[in-house]
Amino acid sequence: MLTPWLRRLGCPMRAPLEEPIRGFSQLELLSVTLQAEGREGLDVPLPAPGKAETTLLESPFALKEGAEIRITLGFRLRQAVEGLKFTVVRKRQGAVIGTTEVMLGSYRPGGPYELVLPPERLPTGRLARDTYQVTGTFTDADGNELGHEAHCFEITKEWE
């Protein structure tokens, strides 16, 4: 948020980090876990550095309709970040059906940090049973993308 103002004043800016982590320089995503009521946590597989996420989107995992889920994020930071925000975009058959933005706050370098996002209830009914693609994006107060993750799940009538 201060970066544009500091640039206008002519203040020297820090050089970007030389070695990116998972393709991004400031944030390393360590874990994404879905916690559903009455079930063990489901770890979302993260792609190895340099590998495409498309293979992760081809193998959805099953979630029961109407279940209340919480997303737990584990991450580490290389630099201080102001106004960290996590945006979740849910798609069904290619159409965006929902977007959620959660302000996470400001963090100093280090970690690992672990955050539990507010709970969400999955939809119910025959029409809700389908495969959903989810993309989560970390951004800072200036709107710079710091990291992202993508996964796929299928809403089913019962736990499989």
Side-chain angles (χ1 to χ4, degrees), residues 17 19-79 81 83-141 143-160:
L17 292 176
E19 181 186 333
I21 303 172
R22 288 192 198 266
F24 297 94
S25 60
Q26 294 180 8
L27 184 133
E28 177 185 9
L29 190 57
L30 302 173
S31 65
V32 177
T33 305
L34 295 176
Q35 299 171 333
E37 53 186 328
R39 302 288 290 188
E40 290 183 20
L42 298 167
D43 291 326
V44 175
L46 299 173
K51 284 199 171 182
E53 293 177 340
T54 56
T55 57
L56 297 177
L57 296 176
E58 293 171 357
S59 56
F61 46 89
L63 296 175
K64 183 179 186 254
E65 65 180 1
E68 184 176 275
I69 60 168
R70 289 179 180 260
I71 298 174
T72 303
L73 304 169
F75 61 94
R76 184 177 305 144
L77 294 169
R78 283 220 175 159
Q79 295 178 346
V81 175
L84 185 63
K85 179 172 56 172
F86 187 67
T87 305
V88 179
V89 177
R90 289 173 296 286
K91 292 182 180 181
R92 179 179 172 199
Q93 299 177 357
V96 175
I97 60 160
T99 302
T100 305
E101 287 186 357
V102 180
M103 268 314 258
L104 303 178
S106 298
Y107 293 87
R108 62 182 184 186
Y113 296 105
E114 186 171 285
L115 293 168
V116 179
L117 300 181
E120 293 184 48
R121 176 119 358 230
L122 295 175
T124 60
R126 181 176 293 181
L127 295 176
R129 293 182 207 137
D130 202 353
T131 302
Y132 295 78
Q133 295 82 30
V134 180
T135 304
T137 306
F138 289 93
T139 55
D140 64 9
N144 300 320
E145 185 176 330
L146 304 178
H148 69 270
E149 67 88 18
H151 62 274
C152 190
F153 65 88
E154 181 178 2
I155 294 182
T156 59
K157 188 169 183 165
E158 297 296 326
W159 292 106
E160 293 180 6

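Just so it is clear, the values below take in all heavy atoms, side chains as well, and ignore hydrogens, waters and symmetry mates. These numbers were taken from a predicted model, which means no experiment stands behind them.
- Between Leu27 and Val81 the shortest side-chain heavy-atom distance does not fall below 4.5 Å.
- Closest approach of Gly74 to Leu29, counting heavy atoms only: O-CD1, 3.5 Å.
- Salt-bridge check for Glu28 with Arg78: failed, with every basic side-chain N at 4.0 Å or more from each acidic carboxylate O.
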Practice problem: Give the C-alpha distance, both sets of side-chain angles, the deciding distance and a yes or no for salt bridge (charged side-chain N to carboxylate O under 4.0 Å, His left out) between Arg76 and Glu114. | Solution: CA-CA 9 Å; Arg76 184 177 305 144; Glu114 186 171 285; over 6 Å; no
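- Under a 4.0 Å N-O distance rule, the pair Lys85/Glu101 qualifies as a salt bridge.
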Exercise. Any chance you could lay out the side chain to side chain contact (heavy atoms under 4.5 Å, CB included) test for Leu122 and Glu65, step after step, and finish with the verdict?
Key: CA-CA 6 Å; Leu122 295 175; Glu65 65 180 1; 5.8 Å; no
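- Put simply, OG1 on Thr87 and CD on Glu145 are 9.5 Å apart, with the number rounded to the nearest 0.5 Å.
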Quiz item: Hey, mind stepping through Asp130 and Ile155 against side chain to side chain contact (heavy atoms under 4.5 Å, CB included) and telling me if it holds?
Solution: CA-CA 6 Å; Asp130 202 353; Ile155 294 182; over 6 Å; no
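- At least one side-chain heavy atom of Arg90 sits under 4.5 Å from a side-chain heavy atom of Thr100.
- Side-chain contact between Leu104 and Leu117: present, with at least one pair of heavy atoms (C-beta onward) separated by less than 4.5 Å.
- There is no side-chain donor-acceptor pair under 3.5 Å between Arg70 and Thr33.
- Annotation: side chain of Asp140 is not in contact with side chain of Leu84 (no heavy-atom distance under 4.5 Å).
- You'll find the side chain of Leu30 stays beyond 4.5 Å of the side chain of Tyr113, heavy atoms only.
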Exercise. Determine, stepwise, if the pair Ser31 / Leu73 fulfils side chain to side chain contact (heavy atoms under 4.5 Å, CB included).
Key: CA-CA 6 Å; Ser31 65; Leu73 304 169; over 6 Å; no
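- Using a 4.5 Å heavy-atom cutoff, the side chains of Leu63 and Tyr132 are not in contact.
- In this structure, CG on Asp43 lies 9.5 Å from CD on Gln35, to the nearest 0.5 angstrom.
- Contact annotation: the side chain of Arg108 never approaches that of Leu77 to less than 4.5 Å [non-hydrogen atoms, C-beta and beyond].
- Inter-residue side-chain proximity for Thr72 and Val32 is flagged as unmet; no heavy-atom pair is nearer than 4.5 Å.
- Between atom OG1 of residue Thr139 and atom CG of residue Asn144 there is a gap of 8.5 Å, rounded to the nearest 0.5 Å.
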Exercise. Evaluate the criterion side chain to side chain contact (heavy atoms under 4.5 Å, CB included) for residue pair Leu42 and Phe153; output intermediate values, then yes/no.
Key: CA-CA 11 Å; Leu42 298 167; Phe153 65 88; over 6 Å; no
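- Under a 3.5 Å cut-off, the side chain of Glu68 and the backbone N or O of Arg121 do not form any donor-acceptor pair.
- One N or O on the side chain of Ser106 and one on the backbone of Gly83 form a donor-acceptor pair closer than 3.5 Å.
- Under the 3.5 Å distance criterion, the side-chain polar atoms of Glu154 are left unmatched by any main-chain donor or acceptor of Ala62.
- Aromatic ring orientation, Phe75 versus Tyr107: perpendicular (interplanar angle above 60°, classes split at 30° and 60°).
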